[in-house]
Amino acid sequence: MGEVDPAFIQEPEHRPRISYIEGKGVPLIDLSPILSSNNVSAIEFEGLVKEVGDACKEWGFFQVIDHGVPLEKREKIDGASRKFFAQSLEEKRKVRRNEKKVTGYFDTEHTKNVRDWKEVFDFVVEGPTIVPASPEPDDKEVAEWNNQWPEYPPELRETCQDYGQEMVKLGYKLLELIALSLDLPADRFHGFFKDQTSFMRVNHYPPCPTPELALGVGRHKDPGALTILAQDDVGGLEVKRKTDGEWVRVKPTPNAYIINVGDIIQVWSNDMYESVEHRVIVNSERERYSYPFFLLPPLSTMVEPLEELTNEQNPAKYRVYNWGEFISNRSQSNFQKQKVENLQISDFKISEKDGLEVV
């Protein structure tokens with residue numbers, strides 16, 4: 001990734017600013033009350049639930065500390081990932097991802113039809129992941145998503161698998177807090193993830209000679225339920241602040257995780273919580289690593305506002321859609337530039353007037 005290919009260059013209105021606003025307002029939440037072996041007071045626990053709910057409502061993003069994930073496991077995946085990406089392109093492409101093999105290495109991903117300044121390594125946390133062979137509801141055939149593991153470094157496979165399981169555990173804890181913040185039973189979301197299609201990604205952002213023209217990841221919203229992100233000390237994640245639409249940089253907090261609600265939780269909550277646009281800035285001097293975990297339901301899941309959160313005064317704001325069809329459509333734009341923007345949950349929005357669908 002030397003000189004900048006025009007494929008990387010953002011339209012002028014989407015290019016990053018050299019100066020930036022640091023996001024001091026992005027909430028930092030201590031999860032120790034749910035991990036403590038001591039009895040936690042009801043007031044303390046209710047306070048934590050309220051913090052999570054307020055963060056989901058006001059920002060769509062928050063950071064967590066004292067989350068229970070061993071620092072050693074995070075350090076191991078960081079070390080192994082750096083070894084993998086330090087190899088030649090030829091070596092990395094031996095486990096290259098494509099439309100048939102959905103996991104592995106990839107370096108030509110597009111967001112909003114512009115190429116991202118990054119290379120990635122993806123793996124599913126439950127391998128093999130059994131999925132329908134097609135998104136068609138009448139198709140009874142199944143397919144397997146199998147992880148591709150490189151020969152080097154040899155510890156990458158076990159390290160990634162161990163770390164992925166830690167993310168699943170943290171994901172369930174966060175889902176419980178989000179459910180309680182919506183006045184739902186703590187385990188309300190658990191059933192949606194019985195045969196989950198969740199996956200992990202390792203992102204490597206090399207130094208970019210023209211960081212004012214390109215983005216590590218272009219502006220987007222996450223289509224899944226929940227994202228849990230670890231980032232190094234370089235930083236670069238920017239969140240679009242809901243109050244004024246300004247791009248705000250999320251300052252790295254040592255050993256913290258950045259959490260954001262995705263489109264699925266926005267729909268389940270019937271817009272009580274919102275999936276917020278974000279992007280990644282690159283720089284000309286330092287490489288950056290980040291480790292997002294995407295908590296995703298089975299492809300057969302039909303996504304719609306939860307019955308408990310709708311009534312006559314607050315009717316469903318979305319029509320039902322199939323997660324498999326939705327993500328299949330979205331994934332097409334990862335591999336090649338499309339003529340139109342990919343599918344969004346706004347395509348399933350029902351207008352307030354007469355309950356008509358927005359088209």
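Since we're looking at a predicted model, the values are computed, not measured. The figures here come from the full heavy-atom set of this structure, side chains too, leaving out hydrogens, waters and symmetry mates.
Contact between Asp233 and Pro252 at its shortest, heavy atoms only, is O-CG, 3.8 Å. When all heavy atoms of Asp66 and Leu35 are compared, the pair lying nearest together is O-CD1, 2.9 Å.
Between Val217 and the options Val120, Asp116, Leu237, Val282, a side-chain contact (heavy atoms from CB on, under 4.5 Å) holds for only Asp116.
Between Arg188 and Glu308 there is a salt bridge, since at least one side-chain N of the basic residue sits less than 4.0 Å from a carboxylate O of the acidic one. Ionic pairing of Glu46 and Lys50 is not present here: no N-O contact between side-chain nitrogen and carboxylate oxygen is shorter than 4.0 angstrom. Arg17 and Glu246 are joined by a salt bridge, as a carboxylate oxygen and a charged side-chain nitrogen come within less than 4.0 angstrom of each other. In this structure, Arg115 does not pair ionically with Asp5, as no charged nitrogen and carboxylate oxygen lie closer than 4.0 Å. Ionic pairing of Glu158 and Lys76 is not present here: no N-O contact between side-chain nitrogen and carboxylate oxygen is shorter than 4.0 angstrom. Using a 4.0 Å cut-off between charged side-chain N and carboxylate O, Arg279 and Glu238 make a salt bridge.
Looking only at side-chain heavy atoms (C-beta outward), Arg82 and Glu287 come within less than 4.5 Å of each other.
Listed for the Glu119 side chain is no donor-acceptor partner under 3.5 Å among the backbone atoms of Tyr105.
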Mind listing the side-chain donor-acceptor pairs of residues 254-266 below 3.5 Å, one per line with the distance, residues two or more places apart or on another chain?
| unit_1 | atom_1 | unit_2 | atom_2 | d |
| --- | --- | --- | --- | --- |
| Tyr257 | OH | Tyr163 | OH | 3.0 |
| Asn260 | ND2 | Asp222 | OD2 | 3.1 |
| Asp263 | OD1 | Ser275 | OG | 3.0 |
| Gln266 | OE1 | Ser275 | N | 2.8 |
| Gln266 | NE2 | Asp271 | OD1 | 3.1 |
| Gln266 | NE2 | Tyr318 | OH | 3.0 |

Under 3.5 Å, sequence neighbours excluded: what are the donor-acceptor pairs made by side chains of residues 176-186?
| unit_1 | atom_1 | unit_2 | atom_2 | d |
| --- | --- | --- | --- | --- |
| Glu176 | OE2 | His190 | NE2 | 3.1 |
| Ser181 | OG | Ile178 | O | 2.6 |
| Ser181 | OG | Tyr273 | OH | 2.7 |

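In this model, a donor atom of one side chain and an acceptor atom of the other lie less than 3.5 Å apart for Gln196 and Ser198.
Environment of CD in Glu312: sparse, with no more than 12 heavy atoms of neighbouring residues, nucleotides or ligands closer than 6.0 Å.
Under the ring pair (Phe, Tyr, Trp, His ring centres under 6.0 Å) criterion, the residue pairs touching residues 291-314 are Phe199-Phe294, with sequence neighbours excluded.
Remark: Glu304 CD to Trp268 CH2 distance equals 11.0 Å, nearest 0.5 Å.
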